[in-house]
Amino acid sequence: MYSPEQENISTTSSTKVPVKYGELIVLGYNGSLPNGDRGRRKSRFALYKRPKANGVKPSTVHVACSPQAAKAISNKDQHSISYTLSRAQTVVVEYTHDSNTDMFQIGRSTESPIDFVVTDTVAGSQSNSDTQSVQSTISRFACRIMCQRTPPYTARIYAAGFDSSKNIFLGEKAAKWKTSDGQMDGLTTNGVLVMHPRSGFMQDSKPGVWREISVCGNVFTLRETRSAQQRGKMVETETQELVDGSLIDLCGAALLWRTAEGLSRTPTLKHLEALRQEINAARPQCPVGFNTLAFPSMRRKDTPDEKQPWVYLQCGHVHGYHNWGNHREEREGREGRLRECPMCRAKGPYVPLWLGCEAGFYVDAAPPTHTFSPCGHVCSEKTATFWSQIPLPHGTHTFHAACPFCAQQLSGEQGYIRLIFQGPLD
C-alpha cells in the first residue's frame, strides 16, 4: 500500500511518483477525523496504482452445489462469491486474477483485506466517543472499487467486499437472482448507493439520481426501503463507473469520489489558508463591541476563541461573541438559542463560524462568503449552493441535504446564508 507521503516524492529518473487514481473523502469531517487520522481509519483515502495488480474477474460458475461442495470451492486459495439459494443449493462463482485492474476494498472491518476502514458518521459530533455506542449499519465488507491500471484509469464500484478467506457470501435472506445470460447477481443487506452529479463536480453541477449497485456492478433503481427483499428495476443505460464528484452511500457513511484530475482543479489547503488570511487582513469588526474579528487557524477548528466571528443565521450579520439581545427567557433556555440581531432585529440562531477546511468538498476556489445553516461552516457561494441541493440518504428511506464538513442536516429556506461583515471604522 502506498502511503499519502508518497505524493511528496520528487520525480527523478530512479523514483517514479505512483499514479494516483483518485481519493475517497468521507462526508461529515472537516479535514480529519475528530481524534486524528490513524492508519487505515482516516477522513480521506488516496488510491494509488499498486506495484503489482491485485484485481480479480469472474471465471468458473459452479451451479447446484451442495453446501459441502460450495465450502470446498470457497476454501480454495482464490476469490469466490457464494449465492445461497436454499439449504440444499448454492451457486459459487470463482474469480481469477486480473492483471489489468487494482482492487481496493472499503468497509467497517479492520481485517487486512479492507484498505479503507469506515465507521458511522454521527452528524456534528466532535469526538469519536460520541460514535462508539451507535449500532453500526455499515457492512463489514461494504464495497470494492476496481481501477483500470492503464489510462484513462477508469474506476468501477461493486457492492460487497471479499473477506479474509477471499469470499463473499450472500445468504438465504439476501436479494439475489439469475441474470438473463445465466450469471448470478445480488444485493447486500443495506445496499451500496451511488449518485453521479450531472456535468461533473464543478461550479454549476446539479445532483443526479441515486441508484443501487449490485455485487456484480449492475445499476438498479432504489428499493422501497433500504433493506427490502425486492430489488429495483435494472437501469441499462447507466454504468457503475465513478466520475469526479460521484457520491457513494454505505448506509451510515457517505463518501465523495474525486479523480486525480478533478483534485488538480480543486483549491489547495494553502489556497484556503491564504483566503483565511485575506479575510482577517480586512479586519472585520463586531458592530457591537467594535473589536476586530479573526478566523482561527485551520488547526484550531473545534473550540471558539475570543476573536471568533459569530453569525445571526436569520440575517447573516457577523458579530463577535456578546450578550446583547440575550433575553432572560432565552438565557434560561426556553427559546433555545434564538437571539435578536442588534443590526436588524431579526431573531434566529446565533452560532460561531468555522472555515470549511476539507478542500476536496469545494467546487471552486472563490472566497468563503457563505455559511451553512445551522452549523456555521463557511465556504464559497457555489460550494454552499451545490451541497444544499444534494439529497443525502438518511436512515432507511429518507433523504436530506447536509453540511459536507459536519454532516448536520441543513435548515432554513436555502440551507445556507450570505455573510455580512462590517469593515473597520477607522
Pair Ile25-Ser43, side-chain contact (heavy atoms from CB on, under 4.5 Å): steps then yes or no: CA-CA 6 Å; Ile25 310 172; Ser43 68; 5.7 Å; no
Is the shortest side-chain heavy-atom distance between [X] and [Y] below 4.5 Å?
X: Phe295; Y: Pro309; answer: yes
X: Trp310; Y: Cys286; answer: no
X: Phe405; Y: Cys379; answer: yes
X: Leu293; Y: Leu353; answer: no
X: Gln389; Y: Pro207; answer: yes
X: Lys57; Y: Thr96; answer: yes
X: Thr371; Y: Ile417; answer: yes
X: Met195; Y: Leu193; answer: no

Set of residues satisfying ring-ring contact (aromatic ring centres under 6.0 Å, His included) with respect to Phe116, sequence neighbours excluded: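 Checked Phe116 against ring-ring contact (aromatic ring centres under 6.0 Å, His included); matches are Phe45.
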Candidate pair Val61 and Val93, rule side-chain contact (heavy atoms from CB on, under 4.5 Å), full reasoning: CA-CA 4 Å; Val61 179; Val93 180; 4.3 Å; yes
Residues Asp102, Lys49: salt bridge by 4.0 Å N-O rule: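 Salt bridge absent between Asp102 and Lys49.
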Sidechain N-carboxylate O distance under 4.0 Å for Glu111, Arg140: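 Looking at Glu111 and Arg140, the cut-off is met.
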Pairs involving residues 258-278, ordered by first then second residue, that meet salt bridge (Lys or Arg N to Asp or Glu O under 4.0 Å) (sequence neighbours left out):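 Sorted result for residues 258-278: Asp244-Arg258, Asp244-Arg265, Glu261-Arg265, Glu273-Arg276.
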[X] side chain vs [Y] backbone, donor-acceptor pair below 3.5 Å:
X: Gln229; Y: Lys173; value: yes
X: Ser59; Y: Glu94; value: yes
X: Arg44; Y: Glu23; value: no
X: Ser227; Y: Thr189; value: no
X: Ser205; Y: Gly200; value: yes
X: Trp210; Y: Pro391; value: yes
X: Ser136; Y: Ile138; value: yes
X: Arg226; Y: Gly191; value: yes
X: Tyr29; Y: Glu358; value: no
X: Thr188; Y: Asn190; value: no

Aromatic ring pairing Tyr95/Phe162, orientation class (parallel under 30°, perpendicular over 60°, tilted between):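 Rings of Tyr95 and Phe162: perpendicular, as their planes differ by over 60°.
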Parallel, tilted or perpendicular, as decided by the 30° and 60° cut-offs, for the rings of His400 and His394: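 Answer is tilted, since the angle falls between 30° and 60°.
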Residue from Asp249, Leu250, Val215, Ile106 passing side-chain contact (heavy atoms from CB on, under 4.5 Å) with Val192: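 Filter result, single survivor: Leu250.
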Looking only at side chains, do [X] and [Y] share a donor and an acceptor under 3.5 Å apart?
X: Ser373; Y: Ser411; answer: yes
X: Asp364; Y: Ser380; answer: yes
X: Glu224; Y: Gln230; answer: no

Other residues, nucleotides, ligands: >12 heavy atoms within 6.0 Å of Asp77 CG: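 Open.
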Return the [atom1] to [atom2] distance between [X] and [Y], rounded to the nearest 0.5 Å.
X: Leu247; Y: Leu27; atom1: CG; atom2: CG; result: 6.0 Å
X: Gln314; Y: Glu413; atom1: CD; atom2: CD; result: 9.0 Å
X: Leu47; Y: Phe104; atom1: CG; atom2: CZ; result: 4.5 Å
X: Asp185; Y: Tyr83; atom1: CG; atom2: OH; result: 5.5 Å
X: Trp257; Y: Tyr21; atom1: CH2; atom2: OH; result: 9.5 Å
X: Lys176; Y: Leu187; atom1: NZ; atom2: CG; result: 10.5 Å

Do you know the tightest heavy-atom contact between [X] and [Y]?
X: Ala402; Y: Leu392; value: CB-CD1, 3.9 Å
X: Gln422; Y: Pro287; value: OE1-CB, 3.8 Å
X: Phe201; Y: Val363; value: CZ-CG1, 3.7 Å
X: Ala253; Y: Val118; value: CB-CG1, 3.5 Å
X: Arg231; Y: Arg223; value: CA-CG, 4.0 Å
X: Asn167; Y: Ser80; value: OD1-OG, 2.8 Å

Derivation and outcome, side-chain contact (heavy atoms from CB on, under 4.5 Å), residues Glu212 and Ser214: CA-CA 7 Å; Glu212 178 159 12; Ser214 72; over 6 Å; no
Which donor-acceptor pairs under 3.5 Å do the side chains of residues 153-161 make with protein atoms, sequence neighbours left out?
{"unit_1": "Arg156", "atom_1": "NH1", "unit_2": "Gln148", "atom_2": "OE1", "d": "3.3"}
{"unit_1": "Arg156", "atom_1": "NH2", "unit_2": "Glu241", "atom_2": "OE2", "d": "3.3"}
{"unit_1": "Tyr158", "atom_1": "OH", "unit_2": "Gln240", "atom_2": "NE2", "d": "3.3"}

Aromatic centroids of Tyr416 and Phe372 separated by under 6.0 Å: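 Not close enough - the centres of the two rings lie 6.0 Å or further apart.
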Chi angles and distances behind the side-chain contact (heavy atoms from CB on, under 4.5 Å) call for Phe386, Thr383: CA-CA 5 Å; Phe386 175 78; Thr383 300; 5.8 Å; no
